[in-house]
Novice: 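Here you go, one structure.
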There are 2 protein chains.
Amino acid sequence: MPEHIDTQLKKGVLTLCVLTLLNRRDGYAYDIAADLSKAIGMGEGTIYPLMRRMQTDGLVETYLVESAAGPSRKYYRLTAAGRRALEAQTAEWRTFADAVEAVLAEPAAATAETKGELTQ
Amino acid sequence: MPEHIDTQLKKGVLTLCVLTLLNRRDGYAYDIAADLSKAIGMGEGTIYPLMRRMQTDGLVETYLVESAAGPSRKYYRLTAAGRRALEAQTAEWRTFADAVEAVLAEPAAATAETKGELTQ
DNA sequence: CAAGCTACCTTGCCACGCAAGCTACCTTGT
DNA sequence: ACAAGGTAGCTTGCGTGGCAAGGTAGCTTG
């Protein structure tokens with residue numbers, strides 16, 4: 001019994017969230033994970049593969065910064081492609097969310113186009 | 001290159017959409033698929049495993065209806081558990097969508113709580 | 001020197017949408 | 001009579017990607 005529909009929902013939206021955060025200011029994985037953990041319940045084990053993917057896709061680039069207390073941090077910065085991806089995915093999210101809302105809100109038998117006959 | 005973030009987004013929301021449609025009126029898989037294909041781009045190959053899962057989970061029950069033209073249709077009807085799931089998942093979706101919107105809308109450096117120091 | 005935090009990363013698992021393909025029913029055209 | 005095409009059901013193989021759990025290493029504090 002899956003039950004966790006939001007586990008599935010997260011997929012596809014996490015990248016968007018990370019892009020959004022990085023667009024505001026550079027950040028490092030551990031920090032981003034903590035942030036999104038509060039916001040939408042992302043687990044820490046999720047962020048590292050994600051960041052790697054984003055780097056592979058050329059959406060972010062990295063630089064190391066020594067930390068006062070703890071190991072040095074790998075900061076991520078958006079690239080131009082990253083900024084483009086952010087725009088694209090934001091639009092996609094909006095479209096998608098609107099489509100879902102439309103399905104949920106549809107006031108019963110509104111889309112009736114081809115379905116003139118009710119066999120019952 | 002994945003690119004299709006909405007493929008991922010769909011996961012978790014499709015069940016909700018199907019529950020919503022069935023709550024309005026009983027339907028059969030082929031029809032629901034066509035509906036949601038227009039709405040959020042669901043593929044036909046997706047609906048059958050989904051319906052089976054929902055039946056296994058006791059969210060729907062089925063009955064056969066002869067069709068005027070074509071093979072007989074397996075109609076799905078929501079069970080009480082299905083109606084409960086609908087409510088629960090609607091709430092989950094709302095929560096999730098709001099959380100995402102919050103991340104997207106966050107007006108830069110608002111969540112600053114523990115992050116007093118900028119090492120740069 | 002052992003805890004314990006920060007921060008990095010990996011592995012194995014599992015869920016689930018999708019494309020493609022298959023079967024079978026029924027109508028329509030030639 | 002038989003091929004074509006739409007309706008309706010279903011399956012298989014694949015890929016994506018989050019998650020839990022585990023592992024390393026730097027640094028601080030008792």
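Keep in mind that the numbers below use all heavy atoms, side chains included, and drop hydrogens, waters and symmetry copies. Protein chains get the first letters and strands the later ones, always in sequence-line order, with residue 1 at the start of each.
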Novice: Is A/Tyr30 near enough to C/dC8 that one of its side-chain N or O atoms lies under 4.0 angstrom from OP1 or OP2?
Specialist: no
Novice: Rounded to the Å, how far apart are A/Arg52 CZ and C/dC8 C1'?
Specialist: 10 Å
Novice: Would you kindly give the OH-to-C1' distance between A/Tyr28 and C/dC9, to the nearest whole Å?
Specialist: 16 Å
Novice: Under the salt bridge (charged side-chain N to carboxylate O under 4.0 Å, His left out) test, which residues partner A/Arg84, sequence neighbours left out?
Specialist: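 With neighbours one apart ignored, the set is empty.
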Novice: Can you tell me the distance, in whole Å, between the CZ atom of A/Arg53 and the P atom of D/dC19?
Specialist: 11 Å
Novice: Find out whether B/Val65 and B/Ser72 are in side-chain contact, i.e. whether some heavy atom of one side chain is under 4.5 Å from a heavy atom of the other.
Specialist: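 Side chain of B/Val65 against side chain of B/Ser72, heavy atoms only: no contact under 4.5 Å found.
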Novice: CG of B/Leu16 versus P of C/dG17: gap in Å, rounded?
Specialist: 12 Å
Novice: Examine A/Val60 and A/Leu64 and state if one hydrophobic cluster contains both, with Ile, Leu, Val, Met, Phe, Trp and Tyr joined whenever side-chain heavy atoms are less than 4.5 Å apart.
Specialist: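 No, A/Val60 and A/Leu64 fall in different hydrophobic clusters.
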Novice: Are side-chain heavy atoms of B/Thr46 and B/Leu36 found at a separation under 4.5 Å?
Specialist: no
Novice: Is a donor on one side and an acceptor on the other found under 3.5 Å between the side chain of A/Thr79 and the backbone of A/Leu59?
Specialist: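 Looks like yes, one N/O pair under 3.5 Å.
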Novice: Does a nitrogen or oxygen in the side chain of B/Arg73 sit under 4.0 Å from OP1 or OP2 of C/dA24?
Specialist: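 Looking at the OP1 and OP2 atoms of C/dA24, neither is under 4.0 Å from any side-chain N or O of B/Arg73.
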Novice: Do the rings of A/Tyr63 and A/Tyr75 sit parallel, tilted or perpendicular, given the 30° and 60° boundaries?
Specialist: parallel
Novice: Please give, in whole Å, the distance from C/dG17 C1' to B/Met54 CE?
Specialist: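 About 15 Å, once rounded to whole Å.
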Novice: Roughly how many Å is it from NZ in B/Lys74 to C1' in C/dA24, rounded to a whole number?
Specialist: 14 Å
Novice: Can you tell me the distance, in whole Å, between the CD1 atom of A/Ile47 and the P atom of D/dA21?
Specialist: 19 Å
Novice: What protein N or O atoms touch nucleotides 18-21 of chain C N or O atoms at under 3.5 angstrom, if any, and at what distances?
Specialist:
unit_1 : atom_1 : unit_2  : atom_2 : d
C/dC18 : OP1    : B/Lys10 : NZ     : 2.7
C/dC18 : OP2    : B/Gly43 : N      : 3.1
C/dC18 : OP2    : B/Thr46 : OG1    : 2.6

Novice: Can you measure A/Tyr48 atom OH to D/dG22 atom C1' for me and round it to whole angstrom units?
Specialist: 14 Å
Novice: Can you name the closest pair of heavy atoms from A/Ala99 and B/Ala39 and give their distance?
Specialist: CB-O, 3.6 Å
Novice: Applying side-chain hydrogen bond (donor to acceptor under 3.5 Å, both in side chains), can you list everything that pairs with A/Arg94, at least two apart in sequence or on another chain?
Specialist: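 Here the qualifying residues are B/Glu101.
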Novice: For the helix from C/dC1-D/dG30 to C/dT30-D/dA1, measure the angle between the helix axis at one end and the axis at the other, each built from five pairs, rounding to 10°.
Specialist: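 Comparing the first five pairs with the last five, the axes sit 10° apart.
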Novice: Run the salt bridge (charged side-chain N to carboxylate O under 4.0 Å, His left out) test against A/Arg52 and tell me which residues pass, sequence neighbours left out.
Specialist: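 With sequence neighbours excluded, A/Arg52 shows a salt bridge (charged side-chain N to carboxylate O under 4.0 Å, His left out) to no residue whatsoever.
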Novice: Output one letter per nucleotide in nucleotides 24-30 of chain D: B when a protein non-hydrogen atom lies under 4.0 Å from the base, S when only the sugar-phosphate is that close, - when neither is.
Specialist: --BS---
Novice: Please give me the minimum heavy-atom distance between B/Ala29 and B/Tyr48, naming the atom from each residue.
Specialist: CB-CE2, 3.4 Å
Novice: If every non-hydrogen atom of B/Val103 is compared with every non-hydrogen atom of A/Thr20, which pair is closest and at what distance?
Specialist: O-CG2, 3.7 Å
